[in-house]
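Just so we're on the same page: letters track the sequence lines, and every chain starts at 1.
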Protein chains: 2
Amino acid sequence: MFNKLHRTAEELIQHSGGRATAGRIRILSILLAEQQAITHREIEQRLPQTLQLDRVTLYRALEWLVGKNLIHKVTSDDRAWRYHANRELHSHQHAHFKCTRCAQVICLSDLSMERSWHLPIGYQFQEIELTVKGLCADCS
Amino acid sequence: MFNKLHRTAEELIQHSGGRATAGRIRILSILLAEQQAITHREIEQRLPQTLQLDRVTLYRALEWLVGKNLIHKVTSDDRAWRYHANRELHSHQHAHFKCTRCAQVICLSDLSMERSWHLPIGYQFQEIELTVKGLCADCS
DNA sequence: ACAATTGCTGCAACATTGTTGCGTTTATTT
DNA sequence: AAATAAACGCAACAATGTTGCAGCAATTGT
Ligand SMILES: [Mn+2]
Ligand SMILES: [Mn+2]
Ligand SMILES: [Zn+2]
Ligand SMILES: [Zn+2]
């Protein structure tokens with residue numbers, strides 16, 4: 001099960017034309033295994049003892065994966081980016097849900113975000129960032 | 001013009017049943033004068049030489065004003081809260097626009113945010129946070 | 001196979017934004 | 001005026017992320 005993710009991660013990275021280092025593969029497989037979007041800290045904690053990475057290296061690897069479009073990152077009100085693998089459903093823009101009690105963040109892939117609205121004159125649309133807040137199933 | 005805002009700010013604060021200190025009044029009048037949502041830093045810069053407040057005092061005053069529902073704060077991807085006075089239009093939830101070049105943040109009061117969507121089973125809705133990103137009129 | 005080049009890593013130092021504890025000052029109440 | 005409560009300023013701390021640089025590892029060219 002883990003090996004499968006590991007292989008998937010390795011292939012994705014090789015396909016994207018970069019060096020498939022042990023760190024990158026491990027990070028991506030951690031994000032692929034996760035349902036939620038998780039923080040830098042949480043990724044660090046999921047790294048095995050045998051493959052501890054420097055904080056900075058982890059930050060740079062994550063930025064690299066974002067640039068290659070293999071993961072995406074989510075803004076939150078607690079000043080910490082959260083990262084999640086780009087599965088098929090995530091190729092398009094989607095909203096996120098954040099629990100105000102336990103801080104978990106999940107992706108809401110079925111939330112349609114068509115723009116029926118308009119911006120002020122002269123303003124140019126680029127992207128939308130939508131976070132729904134509330135209590136998750138465990139916390140409510 | 002400034003005096004009018006100052007008076008408005010003073011009344012609002014007195015009405016909310018707190019101490020109308022010089023700092024709070026000044027901060028609120030600064031926010032009332034501003035079209036955009038601005039950061040702690042920007043508020044600090046708009047304070048007159050004759051009324052410099054400690055960083056911490058400013059943070060606490062802002063938090064107090066938020067609690068009294070006189071201002072609201074906006075999450076952004078640059079890890080800095082932005083604050084704006086609660087005018088009439090702002091009593092209800094609304095979206096914000098952030099320029100990806102100059103980082104200015106404005107309120108989009110006419111963007112309807114009714115929820116046609118649903119959350120996963122067991123999840124409880126509390127609030128929604130919507131930021132549209134793009135280029136403002138000056139930057140595009 | 002070897003050397004040159006490129007890119008990745010780790011470390012230290014720094015930056016930004018915000019928070020906490022606590023003693024002092026200021027305003028309000030009695 | 002004295003007692004109480006609220007607000008303030010300072011110092012220290014915390015969390016998250018960034019930058020510069022030297023060393024190391026992988027890839028490429030010969
Ligand atoms: Mn997502
Ligand atoms: Mn607003
Ligand atoms: Zn929760
Ligand atoms: Zn702009």
Side-chain angles (χ1 to χ4, degrees), chain A residues 9-10 12-28 30 37-68 70-84 98 102-103 105, chain B residues 9-10 12-28 37-68 70-84 98 103 105:
Chain A
E10 190 169 13
L12 285 168
I13 289 171
Q14 281 167 346
H15 258 246
S16 75
R19 281 192 198 170
T21 67
R24 287 177 179 170
I25 296 171
R26 192 75 196 212
I27 293 167
L28 182 51
I30 287 171
I38 58 178
T39 62
H40 173 278
R41 175 61 58 101
E42 291 166 326
I43 297 167
E44 208 169 29
Q45 290 165 347
R46 283 161 176 73
L47 285 172
Q49 291 294 337
T50 55
L51 181 50
Q52 294 288 334
L53 296 176
D54 186 75
R55 275 168 17 89
V56 178
T57 304
L58 179 46
Y59 275 118
R60 293 202 261 234
L62 287 168
E63 215 45 56
W64 186 88
L65 290 167
V66 170
K68 293 300 183 183
L70 294 175
I71 65 176
H72 63 284
K73 57 178 177 178
V74 186
T75 306
S76 179
D77 51 12
D78 61 4
R79 309 156 37 84
W81 293 105
R82 282 176 173 75
Y83 301 86
H84 199 228
K98 180 172 183 206
C102 71
V105 172
Chain B
E10 190 169 12
L12 285 168
I13 290 172
Q14 280 168 346
H15 259 245
S16 76
R19 282 192 197 170
T21 66
R24 287 177 180 171
I25 296 171
R26 192 76 195 211
I27 293 167
L28 182 51
I38 58 179
T39 62
H40 174 278
R41 174 63 58 100
E42 291 166 324
I43 296 168
E44 208 169 28
Q45 290 164 348
R46 284 162 175 73
L47 286 172
Q49 291 295 337
T50 56
L51 181 50
Q52 294 288 335
L53 297 176
D54 186 76
R55 274 168 19 91
V56 177
T57 304
L58 180 46
Y59 275 118
R60 293 202 261 234
L62 287 168
E63 214 46 55
W64 186 88
L65 290 167
V66 169
K68 292 299 183 182
L70 295 175
I71 66 176
H72 63 284
K73 57 178 178 177
V74 186
T75 306
S76 178
D77 51 12
D78 59 7
R79 310 157 33 87
W81 293 106
R82 282 177 173 74
Y83 301 86
H84 200 227
K98 178 168 184 210
V105 172

Q | Interatomic distance, A:Leu65 atom CG to A:His72 atom NE2 [nearest 0.5 angstrom] | A | 13.0 Å
Q: Mind running a 4.0 Å heavy-atom check of residues 19-27 of chain B against DNA chain D and sending the residues that fall below it, in number order?
A: B:Arg19, B:Thr21, B:Arg24
Q | Residues which pass side chain to side chain contact (heavy atoms under 4.5 Å, CB included) with B:Thr39, listed by chain and number, not counting sequence neighbours | A | B:Arg41, B:Glu42, B:Ala80, B:Arg82
(Q) For a 4.5 angstrom cut-off between non-hydrogen side-chain atoms, does B:Val74 reach B:His84? (A) no
**Q.** Taking every non-hydrogen atom, the tightest pair across B:Ile71 and B:Tyr83
**A.** CD1-CD2, 3.9 Å
Q | Atom pair distance, as rounded to whole Å: CG in B:Leu53 and P in D:dC10 | A | 11 Å
**Q.** B:Leu47 CG - D:dG9 P separation (whole Å)
**A.** 11 Å
Q: Would you mind reporting whether B:Ile38 and B:Arg46 have side-chain heavy atoms less than 4.5 Å apart?
A: yes
Under 3.5 Å, side-chain donor or acceptor atoms of residues 16-23 of chain A against the rest of the protein: list the pairs with distances, not counting sequence neighbours.
residue	atom	partner	partner atom	Å
A:Ser16	OG	A:Ile13	O	2.8
A:Thr21	OG1	A:Arg24	N	3.3

**Q.** Sequence-aligned protein contact record of nucleotides 15-22 of chain D, with B where the base is within under 4.0 Å of a protein heavy atom and S where only the sugar-phosphate is
**A.** -BBBBBB-
Q. Contact boundaries of DNA chain C with chain B (under 4.0 Å, heavy atoms), 5' to 3'?
A. C:dT16 to C:dT28
List the atom pairs, donor and acceptor, that lie under 3.5 Å between side-chain atoms in residues 54-62 of chain A and the rest of the protein, sequence neighbours left out.
residue	atom	partner	partner atom	Å
A:Asp54	OD2	A:Val56	N	3.0

**Q.** Spacing of CG belonging to A:Leu28 relative to CD belonging to A:Glu10, to within rounding of 0.5 Å
**A.** 11.0 Å
Q: With rounding to the nearest 0.5 Å, note down the distance linking CG in B:Leu70 to CH2 in B:Trp64.
A: 6.5 Å
Q. With a 4.5 Å limit on heavy-atom distance, are the side chains of B:Arg26 and B:Leu53 in contact?
A. no
